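All of these numbers come straight from a predicted model, not from anything done at the bench. We use all heavy atoms of the structure for the numbers below, so side chains are in, but hydrogens, waters and symmetry mates are not. The chains referred to below are lettered A, B, ... by the order of the sequence lines, with proteins before strands, and numbering in each begins at 1.
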2 protein chains.
Amino acid sequence: MSTIVSLNKVLTEFYDKMASWESSVVRESEYSLAQLHTLEVLGNHGAMNMKSLAHHLGITTGTLTVQVDKLVKLGLLQRRYSEQDRRSITVALTDAGQAIHEHHNALHLSLTEELTKDLSQVDRDALIALLSKVNQEF
Amino acid sequence: MSTIVSLNKVLTEFYDKMASWESSVVRESEYSLAQLHTLEVLGNHGAMNMKSLAHHLGITTGTLTVQVDKLVKLGLLQRRYSEQDRRSITVALTDAGQAIHEHHNALHLSLTEELTKDLSQVDRDALIALLSKVNQEF
DNA sequence: TATTTTACTTTGATTATCAAATAATCTACC
DNA sequence: GGTAGATTATTTGATAATCAAAGTAAAATA
């Protein structure tokens, strides 16, 4: 098998397994996949406007408006109105939203620990370096 | 930052970017994300029964039944009835379904090529080896 | 043989989604 | 300044995806 095919295989396999894991974790929580994903992106990247958030999530801004409405009502998000550009709205986690993000992130950390438990320190550092390069190319 | 936190960061960042890429690719196709994902899993792992497929996709078998109905109607999937266990149904790609999978897979290969274009052969081999180990731990 | 478990489907309700239309604001150009 | 076109977000109406729970049929078990 060619290198590219092998690379593609391990990358897509990782992606699929991660998606499957995420589903099962979300199923046990009181929030939906879409809701947790929204909190996750904001937690990992910080507050951002609707357009950027929609792009990160891979949905339209119309869908996101509805989603944000619900999360605001639940007290997990807040809308902040920009002074510079009054069309733009910054979406940010509330303290409650941040707490849920942190709880979810702890699950991710446990998974990462489990997934890499058999790697040496050298291997872990190598994986970090290689994936960083890959991520930059997106 | 600790090694585990860094590892978690690159792994989740890769996952998120891949999900975002997948969304934008799917948006341009005539099939939905759920539909393409179903074809993708069957194409990558081969025919399997409803329960396994639902688990891979992270959905309930009830949801999957509806999804498979549609894809069968579109001529992309077929149901095969098992002789050994007549409760069990094997879901398989038709030739048309296989063709769509292959087209989608070609997009994945292009992405992989793009993402790893600056890596040396040694780095690519290392990445394959490391991610294989990670994938095995799921 | 009777009971329990397993695999899948159906049903009814909810949630997520999009595309298109709308509203408000900004930018660029005259 | 004023206007035309682009940008940002929301609303609306329709469709698709999802789940939980109940139902059906077959297999496994006791």
**OP:** Using atom types as modelled and distance alone, determine if a side-chain donor or acceptor of A:His45 lies under 3.5 Å from a backbone N or O of A:Val41.
**Re:** yes
**OP:** Using the test side chain to side chain contact (heavy atoms under 4.5 Å, CB included), find all partners of B:Ser132 that sit at least two apart in sequence or belong to another chain.
**Re:** A:Val10, B:Ile128
Original post:
Whole Å only: how far is the NE2 atom of A:His37 from the P atom of C:dA16?
Top reply: 14 Å
Original post:
A:Val91 and side-chain contact (heavy atoms from CB on, under 4.5 Å): which partner among A:Arg80, A:Met48, A:Met50, A:Gln78?
Top reply: A:Met50
**OP:** Using a 4.5 Å cut-off on heavy atoms from C-beta on, say whether the side chain of A:Ile100 contacts that of A:Leu36.
**Re:** yes
**OP:** Scan nucleotides 3-22 of chain D nucleotide by nucleotide, 5' to 3', and note B when protein non-hydrogen atoms come under 4.0 Å of the base, S if they reach only the sugar-phosphate, - if neither.
**Re:** ----BSSBB----SSBB---
**OP:** Verify side chain to side chain contact (heavy atoms under 4.5 Å, CB included) between A:Asp118 and B:Gln136, making sure each step is shown before the conclusion.
**Re:** CA-CA 11 Å; A:Asp118 290 340; B:Gln136 279 172 15; over 6 Å; no
Original post:
Please give, in whole Å, the distance from D:dA26 P to B:Glu83 CD?
Top reply: 13 Å
